[in-house]
Amino acid sequence: MQFGYFDDERREYVITRPDTPLPWINYLGCEEYFGIISHTAGGYSFFRDARLRRLTRYRYNNAPLDLGGRYLYLRDDRSGQTWSPSWMPARSALSQFTCRHGLGYTTIASTFDNIHVETTYFVPLGETLEIWRCRMTNQRAEPADLSLFSSIEFCLWDAWDDATNFQRNFSTGEVEIEDGVIYHKTEYRERRNHFAYFACSAPIEGFDTQREAFLGAYRGWDAPLAVERGSLSNSVAHGWQPIGAHHVRLSLAPGETREVIFVLGYHENPKDQKFDPPGSQTLNKRTVKPVIARYLDSHQVQQALDDLRAYWDGLLRIQQARTPNLHVDRMVNIWNPYQCMATFNISRSASLYESGIGRGLGFRDSNQDLLGFVHMVPERARQRILDLAATQLPSGGAYHQYQPLTKRGNNDIGSNFNDDPHWLILAVAAYIKETGDWSILDEAVPYDNLPGSETPLYEHLQRAVQYTLDRLGPHGLPLIGRADWNDCLNLNCFSDTPGQSFQTTTNKDGKVAESIFIAGLFVLSTQELAALAERTGRLEDAARYRAESARMRELIYQYGWDGEWFLRAYDDFGNKVGSQECQEGKIFIEPQGFCVLAGVGLENGYAQRALDSVARWLATPHGIVLQQPAYSRYYLHLGEISSYPPGYKENAGIFCHNNPWVMIAETRVGNGARAMEYYLRINPSNREAISEVHRCEPYVYAQMIAGKDAPTHGEAKNSWLTGTAAWNYVAITQWILGVRPELDGLRIDPCIPPEWEGFTFRRIFRGAEYVIEVRNPRHVSKGVTAVRVDGKVWQGNLLPILPPGVHTIEVELG
Ligand code: BGC
Ligand code: NOJ
């Protein structure tokens with residue numbers, strides 16, 4: 001069952017009924033000012049940091065789930081009827097409803113009693129504000145007298161404090177109202193020099209800034225008293241809950257359309273120019289007023305919307321595919337890169353499942369996210385790499401997270417996730433492959449942000465490898481530390497205290513438990529580092545890293561192979577995890593995917609056997625589960641993984657992040673049919689038809705789909721902010737369609753379903769545009785037999801770096 005459809009032409013998902021299984025959201029903003037917006041206008045906004053600079057209030061896990069947002073209300077002043085044009089919060093009986101989630105904007109349109117209302121929400125490029133452009137059309141045969149009300153609830157900036165510290169916060173709220181603009185200035189009198197404002201393009205009848213005055217005592221957002229009455233009371237908030245609400249009256253002739261623009265924004269003043277006149281307590285509005293005036297102008301708003309479209313066109317143009325499969329095209333060309341940019345902008349901080357008050361930027365998360373956006377924003381990716389590397393510790397290890405506002409490592413979470421540093425090597429390699437910018441290796445970068453500790457970035461990568469070499473266990477395999485990629489496999493935690501964090505509790509000295517996953521990651525990262533070393537003339541280093549890689553591969557064969565698949569780990573007692581010998585958790589997905597992806601087992605048949613075991617034991621119609629059998633009880637020595645009921649999250653859920661490792665692994669053994677099959681099982685667009693089962697948005701990946709042990713098998717959770725976005729994008733573009741940047745050029749090495757006749761792929765790479773036509777006349781999965789570049793025969797399948805301009809590449813498989 002579907003709740004909407006894809007409009008590929010306009011790059012929108014169109015939701016056609018408001019009662020989707022869950023709120024389906026979109027993101028506004030792509031620089032400093034961000035918001036989340038649901039299809040019924042729920043959500044909130046923030047400047048840079050979702051916790052510390054929250055503009056509007058949002059109560060997570062509310063009932064109904066998504067309540068609080070950018071709500072408009074309409075009132076028919078002749079009949080007294082009122083309604084919500086975004087359906088929520090009044091859940092009005094609309095005769096028509098659509099929500100178009102597009103790239104950086106959302107348009108909600110509806111009709112009620114022949115009044116059509118269409119509101120577009122977006123953040124203009126280069127600004128710290130959002131626009132709500134509301135257009136109302138009278139489709140009646142007679143004139144309509146309407147009242148339009150806006151509303152938002154201000155957050156008192158620090159979202160955590162705002163949600164907990166009521167004894168103070170009920171007394172601090174302050175606003176100013178001038179020329180119809182509502183200014184929210186709580187704490188401006190003391191140490192803040194920023195404020196929020198909410199403006200309206202039309203002359204207003206009245207305003208409210210005190211929540212209770214607007215809603216009425218004991219009432220909620222579904223039925224504000226002021227809307228029912230048809231007038232606001234010009235309330236001025238002193239403490240309690242400051243809000244912003246405007247009232248605009250409109251008389252519309254039959255067929256007439258009117259536009260009203262609301263602007264909600266964030267503004268900072270220099271510390272010594274906060275007040276006007278100086279010495280008063282009145283906001284200095286001199287620099288904000290021109291900004292407000294600009295965006296209350298209809299032409300400027302249209303121009304800003306056009307600029308936003310052009311921005312996204314530019315990003316998405318870099319990689320475009322046309323294949324026999326619609327779901328591939330749609331995700332590759334539009335939604336998957338769009339989601340990758342969301343992970344770049346928001347990391348794991350703010351979604352419907354991430355409350356914006358919790359996590360900073362994860363070290364491993366951000367390095368992996370980079371794989372999915374480096375081609376779109378290479379300069380910003382470069383900066384992200386340098387920021388991440390600066391939180392590395394002298395040991396080569398890394399803070400697990402850092403705070404985006406300060407760029408400092410987070411001491412509460414600390415370090416000792418032993419996979420972390422290796423992801424930096426993969427990110428740097430991906431950056432150089434994409435850009436050819438070798439200079440990044442010479443950048444002086446500190447450790448733990450300490451001035452004076454700088455070394456070239458290259459040495460950071462060396463220390464990352466050394467970190468593991470300094471932490472090998474009894475079998476010579478990498479010690480796992482607190483956890484590796486699987487944050488919930490906590491082999492040194494042994495926590496029996498309720499509520500204790502599995503992430504930060506360590507009760508063992510950590511000298512025994514080893515990770516075969518990290519071993520696989522090490523094989524890959526040392527190969528990558530060897531290639532970088534070789535290309536920069538560090539031949540001894542290159543030889544050493546190659547030798548380390550080979551040695552680790554041998555250790556995996558010796559101690560990490562269970563007979564039919566790769567083992568997952570050794571626990572603190574030296575017992576196997578992910579083995580036939582185990583009662584539960586006999587086989588795990590991560591080492592099968594990652595070892596084979598790294599090339600382990602290709603030469604001795606282990607790779608094929610491991611992948612056959614995945615197909616046999618882990619694959620389901622909804623994707624590949626993380627392990628089997630699921631843990632049926634809590635195991636002290638395994639940690640959080642066994643805290644989840646079977647089938648959810650890391651306990652045998654379908655973790656969409658590591659499914660693409662298996663897809664890539666399948667391409668490495670040449671099985672294009674299976675790679676595509678796995679790809680399609682979790683491809684959101686392909687799951688659109690079962691939206692009532694999947695429940696999350698059909699246009700973006702979710703972190704998890706409930707596994708076969710769960711009563712809700714097939715149900716997705718935690719959409720949007722997940723490493724799933726980057727890895728699926730890498731799997732489909734670089735390994736299945738096989739257009740892969742390498743240090744020396746663009747590799748074309750598709751591994752596709754044999755029935756495909758071929759496909760085309762446009763790729764802008766190092767300043768040139770490659771228009772690649774792949775033909776598959778003999779219906780194979782893999783194997784390039786002929787290549788022509790601009791009509792001339794080219795040897796091999798590594799395309800050279802071509803001069804600027806458009807180039808035709810013909811590729812034949814056979
Ligand atoms: C989740 C993991 C996550 C970890 C760290 C756990 O509760 O299951 O997916 O990585 O928290 O935040
Ligand atoms: C989500 C975390 O953000 C990521 O770092 C981790 O690898 C996965 N969960 C798996 O536990």
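One-based numbering, in listed order, for ligands and for the atoms of each. FYI, side chains are in, hydrogens and waters are out, and symmetry mates aren't considered; it's all heavy atoms of this structure. In this chain, numbering begins with 1 at the start of the sequence shown.
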Exercise. Report the part of Arg364 in contact with ligand 2, treating N, CA, C, O as backbone and CB onward as side chain, heavy atoms under 4.0 Å; options are side chain, backbone, both, neither.
Key: side chain
Quiz prompt | Residue part near ligand 2, for Asp365, under 4.0 Å between non-hydrogen atoms | solution = side chain
Hey, which atoms in ligand 1 end up nearer than 4.0 Å to a heavy atom of [X]?
X	value
Tyr644	1 (C), 6 (C), 7 (O), 8 (O)
Gln703	9 (O)
Glu640	6 (C), 7 (O), 8 (O)

Quiz item: Does the separation of the ring centres of Tyr701 and Trp727 fall below 6.0 angstrom?
Solution: no
Exercise. Assess the pair Trp661 and Trp735: is the distance between their ring centroids shorter than 6.0 Å?
Key: no
Practice problem: Tell me which one of Lys649, His400, Glu650, Gln503 gets a heavy atom nearest to atom 11 (O) of ligand 1. | Solution: Gln503
Quiz prompt | Pick from Trp485, Phe363, Phe655: the one approaching atom 7 (O) of ligand 2 most closely through a non-hydrogen atom | solution = Trp485
Out of all atoms in ligand 2, which are within 4.0 Å of some heavy atom of [X]? Include the element for each.
X	value
Gln703	1 (C), 9 (N)
Glu650	9 (N), 10 (C), 11 (O)
Asn486	11 (O)

Quiz item: Out of curiosity, is Arg348 lining ligand 1, as in a heavy atom under 4.0 Å away?
Solution: no
Self-check item: Phe502 touching ligand 1 at heavy-atom level, < 4.0 angstrom
Solution: no
Self-check item: Cys595: which of Trp561, Tyr606, Phe566 passes side chain to side chain contact (heavy atoms under 4.5 Å, CB included)
Solution: Phe566
Quiz item: Which residues satisfy the side-chain hydrogen bond (donor to acceptor under 3.5 Å, both in side chains) test with Glu581, sequence neighbours excluded?
Solution: Lys576
Quiz item: On the ring face of Phe47, is Arg54 found with NZ or CZ under 6.0 Å from the centre and within 45° of the axis?
Solution: no
Self-check item: Sequence neighbours excluded, every pair satisfying side-chain hydrogen bond (donor to acceptor under 3.5 Å, both in side chains) that has a member inside residues 334-343
Solution: Asn26-Tyr338
Quiz item: Is any side-chain N of the basic residue among Arg59 and Asp66 closer than 4.0 Å to the acidic one's carboxylate O?
Solution: no
Quiz item: Is it true that the side chains of Gln627 and Lys586 contain a donor and an acceptor less than 3.5 Å apart?
Solution: no
